[in-house]
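Chain A is the first sequence line, chain B the second, and so forth, proteins listed ahead of strands; every chain is numbered from 1. Atoms considered below: every heavy atom in the structure, side chains included; atoms not considered: hydrogens, waters and symmetry mates.
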2 protein chains.
Amino acid sequence: MALRHAVLAALLDGEYSGYQLAKAFDVSLSNFWYAVPQQLYAELAKLEREGLIAGRQVIQHDRPNKRLFTVTDAGLAELAAFTATPSKPSSIREDLLVMVQAVDRLDPTPVIAQLEERAVAAAAKVEIFDRMLRRLRGELDEETFLREGDRIGPYLTCLRGRRFEQENREWCEQVTALLRARAPLPG
Amino acid sequence: MALRHAVLAALLDGEYSGYQLAKAFDVSLSNFWYAVPQQLYAELAKLEREGLIAGRQVIQHDRPNKRLFTVTDAGLAELAAFTATPSKPSSIREDLLVMVQAVDRLDPTPVIAQLEERAVAAAAKVEIFDRMLRRLRGELDEETFLREGDRIGPYLTCLRGRRFEQENREWCEQVTALLRARAPLPG
DNA sequence: GTCCCATAGTCAGTGATATGACTACTCCTA
DNA sequence: TAGGAGTAGTCATATCACTGACTATGGGAC
């Protein structure tokens with residue numbers, strides 16, 4: 001009961017095909033959930049069988065036909081029930097953290113390399129989030145948008161994603177500097 | 001190939017039984033990995049079969065006997081190989097974020113309640129991390145410890161966990177205040 | 001003309017992760 | 001003297017998440 005609600009939440013933004021949804025999970029939702037297309041198609045099929053979403057065929061001539069899905073009333077009810085069930089906090093679950101945990105007993109060189117790569121990747125994600133935030137709030141400034149906008153959910157999760165990546169970056173940079181200072185690399 | 005390295009990293013701190021490891025995964029490592037005891041026992045058995053850890057029986061009279069495990073040289077090599085394989089970034093994967101993503105189309109009341117609970121839980125975890133950090137660095141101040149301490153890995157991952165929970169708390173509080181202001185609760 | 005990319009989706013299989021129900025012994029408290 | 005909590009560990013099963021290989025078509029680059 002996990003991916004299912006993420007899919008329902010994503011479909012609140014409008015009609016999506018499985019393919020489009022996969023893209024959405026690659027960008028906008030990727031900050032708190034990721035899934036490969038195969039998972040999404042499977043989940044969409046299941047949700048449709050249970051009547052939580054409804055699909056309609058769209059005939060296309062220049063490219064393959066597709067099926068667009070929307071959330072039904074039953075789907076909305078399912079989401080409402082979901083918000084009522086207590087959610088347990090999850091942990092970060094990062095391989096990179098496991099590596100840092102063990103770094104004292106290993107050669108730090110490859111760990112440092114990974115931390116540097118990750119810092120760059122995190123900085124890039126921060127920029128992506130910034131662009132997405134600007135797009136979501138349109139011409140309004142953040143404060144006004146959050147007070148008066150009519151679809152702030154994605155904006156708020158985006159803000160969380162941005163904070164997370166920013167912290168990630170700072171931490172990676174701090175740890176890199178530290179490990180460098182402790183074990184000066186030859187050369 | 002995921003839990004396995006977390007277990008190896010945890011065993012670097014010294015000998016542990018499955019039971020003790022389960023406790024460690026409940027507190028110190030829980031900031032970046034969580035596993036229930038059954039998973040740990042299964043993983044330990046597998047690691048022992050592969051020669052990455054070695055177990056020894058400890059006879060106890062006042063309580064059940066136990067098996068303590070240590071990382072072997074092969075285990076260290078496995079960890080070293082692990083640090084050399086590129087780690088892909090993971091996402092947050094929080095049910096609570098899914099709820100916030102969907103909040104525009106639902107009754108915000110239960111979501112607000114969950115955000116408040118989570119803010120409190122996050123604050124509590126920050127304090128736990130602070131205590132753990134103090135314990136890890138002993139009498140040294142942070143800067144000195146990080147420069148000269150001989151086991152900084154756990155300290156660094158702990159710092160990351162602390163930052164994460166602090167961000168979590170601030171975000172939850174911000175979103176709570178916002179949703180409250182937008183939809184004044186009756187009563 | 002061929003190759004690659006984007007769109008759109010399916011199938012089979014595996015390993016990772018989680019759930020629930022157990023055993024067994026000791027110490028401490030009510 | 002029963003019950004609960006803590007220590008120590010096992011078994012079976014379900015579900016999740018992910019990997020890799022596939023089909024099919026149209027459009028553009030070389």
Problem - Members sharing A:L68's hydrophobic cluster (side chains within less than 4.5 Å) - result: A:V58

Handout entry: Spacing between B:R4 atom CZ and C:dT17 atom C1', to the nearest angstrom
Key = 15 Å

Problem - Partners passing side chain to side chain donor-acceptor pair (under 3.5 Å) against B:Q174 (at least two apart in sequence or in another chain) - result: none

Exercise for the section: Can you tell me which residue pairs pass the ring-ring contact (aromatic ring centres under 6.0 Å, His included) test with a partner in residues 158-183 of chain A, sequence neighbours excluded? Expected result: A:F164-B:F164

Handout entry: Main-chain N/O of B:T176 paired with B:E116 side-chain donor or acceptor, under 3.5 Å
Key = no

Fill in the blank from the handout: Those residues at least two apart in sequence (or on a different chain) that pass salt bridge (charged side-chain N to carboxylate O under 4.0 Å, His left out) with A:D26 are none

Handout entry: Contact nearer the 5' end of DNA chain D, comparing A:W33 with B:N65
Key = B:N65

Exercise for the section: Figure out the CD/C1' separation between B:Q20 and D:dT7, and round it to whole Å. Expected result: 10 Å

Exercise for the section: Could you list by number each residue of residues 35-42 of chain A showing a heavy-atom separation from DNA chain C of less than 4.0 Å, or answer none if no residue does? Expected result: A:Q38, A:Y41

Problem - Interatomic distance where OH belongs to B:Y19 and P belongs to C:dT23 [whole Å] - result: 18 Å

Indicate every side-chain donor-acceptor pair of residues 98-108 of chain A with a distance under 3.5 Å to a residue at least two apart or in another chain.
unit_1	atom_1	unit_2	atom_2	d
A:Q101	OE1	B:T157	OG1	2.8
A:D104	OD1	B:I152	N	3.0
A:D104	OD2	B:R151	NH1	2.6
A:D104	OD2	B:I152	N	3.2
A:D104	OD2	B:G153	N	2.8
A:D107	OD1	A:T109	N	3.1
A:D107	OD1	A:T109	OG1	2.7
A:D107	OD2	A:T109	OG1	3.4

Exercise for the section: Could you tell me whether the phosphate oxygens of C:dA8, OP1 or OP2, come under 4.0 Å of any side-chain nitrogen or oxygen in A:K23? Expected result: no

Exercise for the section: Ignoring backbone atoms, establish whether B:S17 has a side-chain N or O less than 4.0 Å from OP1 or OP2 of D:dT7. Expected result: no

Practice task
Please identify each residue that fulfils salt bridge (charged side-chain N to carboxylate O under 4.0 Å, His left out) with B:E170, with sequence neighbours left out.
Solution key: A:R163

Practice task
Let me know the distance between CG of B:L68 and C1' of D:dT7, rounded to the nearest Å.
Solution key: 13 Å

Practice task
Keeping to residues at least two apart or across chains, list the ring-ring contact (aromatic ring centres under 6.0 Å, His included) pairs with something in residues 100-148 of chain B.
Solution key: B:F145-B:Y155

Practice task
Check whether any side-chain N or O of A:R118 sits under 3.5 Å from a backbone N or O of B:S87 as a donor-acceptor pair, and report yes or no.
Solution key: yes

Exercise for the section: Under 4.0 Å from any atom of DNA chain D, heavy atoms only: list the residues of residues 85-94 of chain B that qualify, in numerical order. Expected result: B:K88, B:R93

Practice task
Identify, with sequence neighbours excluded, every residue that meets salt bridge (charged side-chain N to carboxylate O under 4.0 Å, His left out) alongside A:E173.
Solution key: A:R169

Handout entry: Partners meeting salt bridge (charged side-chain N to carboxylate O under 4.0 Å, His left out) with B:R137 (sequence neighbours left out)
Key = none

Exercise for the section: Could you check which residues of residues 43-63 of chain B get a heavy atom under 4.0 Å from DNA chain C? Sort them by number, please. Expected result: B:K46, B:D62

